[in-house]
Amino acid sequence: MIVGVPKEIKVREYRVGLVPSSVRELVAKGHRVLVETNAGQGIGMSDAAYEAAGATVVRTPAEVFAKAELVVKVKEPLAPERKMLRPGQVLFTYLHLAPDREQAVDLVKSGATCIAYETVTSPSGGLPLLAPMSEVAGRMSIQAGAYFLEKAHGGLGVLLGGVPGVDPAKVVVLGGGVVGTHAVAIALGMGAEVWVLDRNTEVLRGLWKQFGRPLNTVFSTRDAIERHCTTADLVVGGVLIAGAAAPKLVTADLVKRMKPGSVIVDVAIDQGGCCETSRPTTHDEPTYVVDGVIHYCVANMPGGVPRTSTFALNNATLPFVLALADKGWRKALEDDRHLLAGLNVHRGLVTHGEVARALGFEFVDPARAIRA
Ligand SMILES: NC(=O)c1ccc[n+]([C@@H]2O[C@H](COP(=O)([O-])OP(=O)(O)OC[C@H]3O[C@@H](n4cnc5c(N)ncnc54)[C@H](O)[C@@H]3O)[C@@H](O)[C@H]2O)c1
């Protein structure tokens, strides 16, 4: 199969669909990989590295889209990319279609088979192609929090880990899922006093087993949130209610009662944020201050560490890319109901229930759509 990797064109997107080591895996199986020139340049992967892995480097995105049977990307295709999609072609990338009618209409028109990373499922019930980005954001939340707690960056002027004879900072993590677990790991590693709140006791049990006594696990109630946020130096928001806006656990009134100079890193901002005073920010201007409390609400945190994020994403996507290339889309989708869950649009049909509902399209069962 001919697999194509265009350079991402969304502003400040440096990630790339396949790294050279993934290309090598595909080439070893007899596939041909076309990579647009400079596709990995932003994260230090040169055309020469791709060529050494067996890829053919081409000059334009048009060449990639014209020849590739399977296009592997990171972000949703923008309008100029959508124009180049064609019937029978497979697109494998993040799509986030539900809030994006224009894109959905174009993908339907294209006749292509569009598989969205974010709706691929796993046997354990998680979302395996979203989890790596939550891991990155969770780990990064503590790094960002520690930075903005420094006096020169507007913070309280405390060191997360303290020193012998001086207390460490108090870190409160709201939500103990993927983001929360990774935030906890880094905060404990830096020597902070760490409290995690979740309303699922199984999640708390799991964390308690994983980290032992240094971690304080708390059942999440209004009382507990108030008690811990008012004494926190750093609050990390990592809650998620699947398919819904994030619950506003930290009210504007509670922010008023937090320590001036403390920091909120609201990772859940991509779902609206779990703090009433949160609004999305970018890596260019990541923070703002409300009532003396620094708010860091970057909606695409992994974009700040695109090299790590690209490798993490590739580790998760490569098995699916190989399956699609080795077997062809029909057999790969037939054989794996978790990959089938990723099918959003196929030959003009919308094959994902939530996307169809959100945008008012007729929903066609994906298993039926691929048999047609
Ligand atoms: N900003 C970014 O760049 C970025 C990157 C990755 C993920 N995210 C977002 O981070 C959020 C968390 O993602 P995740 O993968 O960790 O989700 P997850 O499902 O693994 O974890 C969410 C946790 O929140 C808990 N929760 C729900 N309601 C709660 C409440 N009232 N009190 C306490 N805990 C509660 C759940 O029990 C669950 O354990 C999502 O909104 C995700 O989209 C943002």
Side-chain angles (χ1 to χ4, degrees), residues 10 12-13 15 74-75 94 96 98-99 116-122 124-145 172-186 195-208 210 215-229 235-251 254 264-276 278-283 286-287 295-306 308-309 312-313 316:
K10 201 161 182 176
R12 285 188 180 270
E13 180 56 66
R15 290 175 293 176
V74 178
K75 295 304 276 188
Y94 287 118
H96 296 288
Y117 290 164
E118 71 274 9
T119 64
V120 172
T121 55
S122 78
S124 58
L127 299 170
L129 305 190
L130 268 190
M133 295 305 103
S134 287
E135 292 173 350
V136 169
R139 289 178 169 256
M140 205 174 160
S141 67
I142 301 299
Q143 188 171 315
V172 173
V173 179
L174 303 174
V178 181
V179 165
T181 302
H182 286 267
V184 162
I186 298 300
W195 298 74
V196 62
L197 283 70
D198 204 290
R199 59 169 192 175
N200 180 338
T201 46
E202 281 310 311
V203 167
L204 294 177
R205 259 187 211 111
L207 289 164
W208 195 80
Q210 185 176 348
L215 177 64
N216 302 283
T217 54
V218 182
F219 185 72
S220 176
T221 59
R222 284 180 174 76
D223 265 357
I225 291 167
E226 277 181 24
R227 186 154 31 94
H228 289 290
C229 288
V235 174
V236 173
V239 297
L240 174 66
I241 298 176
K248 301 290 181 198
L249 302 184
V250 181
T251 61
L254 180 53
I264 296 174
V265 177
D266 200 346
V267 184
I269 191 65
D270 62 339
Q271 300 291 331
C274 60
C275 177
E276 261 179 13
S278 293
R279 56 172 168 79
T281 61
T282 64
H283 286 291
T287 61
H295 290 54
Y296 175 104
C297 304
V298 175
N300 72 329
M301 292 175 67
V305 287
T308 302
S309 299
L313 185 60

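Just so you know, these numbers use all the heavy atoms, side chains as well, and skip hydrogens, waters and symmetry mates. Whatever order the structure lists them in is the order used to number ligands and atoms, beginning at 1.
- At least one heavy atom of Asp198 sits less than 4.0 Å from an atom of ligand 1.
- The shortest contact between atom 27 (C) of ligand 1 and any protein heavy atom is with Leu240 O, 3.5 Å.
- At a 3.5 angstrom cut-off on N or O pairs, Met301 counts as close to ligand 1.
- The nearest heavy-atom contact from the protein to atom 41 (O) of ligand 1 is Gln271 CG, 3.1 Å.
- Atom 32 (N) of ligand 1 has as its closest protein heavy atom Ser220 OG, 2.8 Å.
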Test side-chain contact (heavy atoms from CB on, under 4.5 Å) on Thr281 and Thr287 and set out the steps. CA-CA 7 Å; Thr281 61; Thr287 61; over 6 Å; no

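- Of the protein's non-hydrogen atoms, Asp270 OD2, 2.6 Å is the one closest to atom 43 (O) of ligand 1.
- Atom NZ in Lys75 sits 5.5 Å away from atom CZ in Arg15 (nearest 0.5 Å).
- The local environment of CD in Gln143 is sparse, with at most 12 non-hydrogen atoms from other residues, nucleotides or ligands closer than 6.0 Å.
- Contacts between Ser134 and ligand 1, counted as non-hydrogen atom pairs separated by less than 4.0 Å, involve both the backbone and the side chain.
- Protein heavy atom nearest atom 16 (O) of ligand 1, with residue, atom name and distance: Val179 N, 2.7 Å.
- Heavy atoms of Ile225 found under 4.0 angstrom from ligand 1: none, in either backbone or side chain.
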Does the side-chain contact (heavy atoms from CB on, under 4.5 Å) test come out yes or no for His295 and Asp266, once each step is laid out? CA-CA 7 Å; His295 290 54; Asp266 200 346; over 6 Å; no

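- Of the protein's heavy atoms, Val178 N, 2.9 Å lies nearest to atom 20 (O) of ligand 1.
- Val239 O, 3.7 Å is the protein heavy atom nearest to atom 11 (C) of ligand 1.
- Residue-level proximity to ligand 1 for Leu130 is absent, since no heavy atom of it falls below 4.0 angstrom.
- Distance from atom 28 (N) of ligand 1 to its nearest protein heavy atom, with residue and atom name: Arg199 NE, 3.3 Å.
- Among the atoms of Gly180, none of the N or O lies under 3.5 angstrom from an N or O of ligand 1.
- For Ala246, no heavy-atom contact with ligand 1 is shorter than 4.0 Å.
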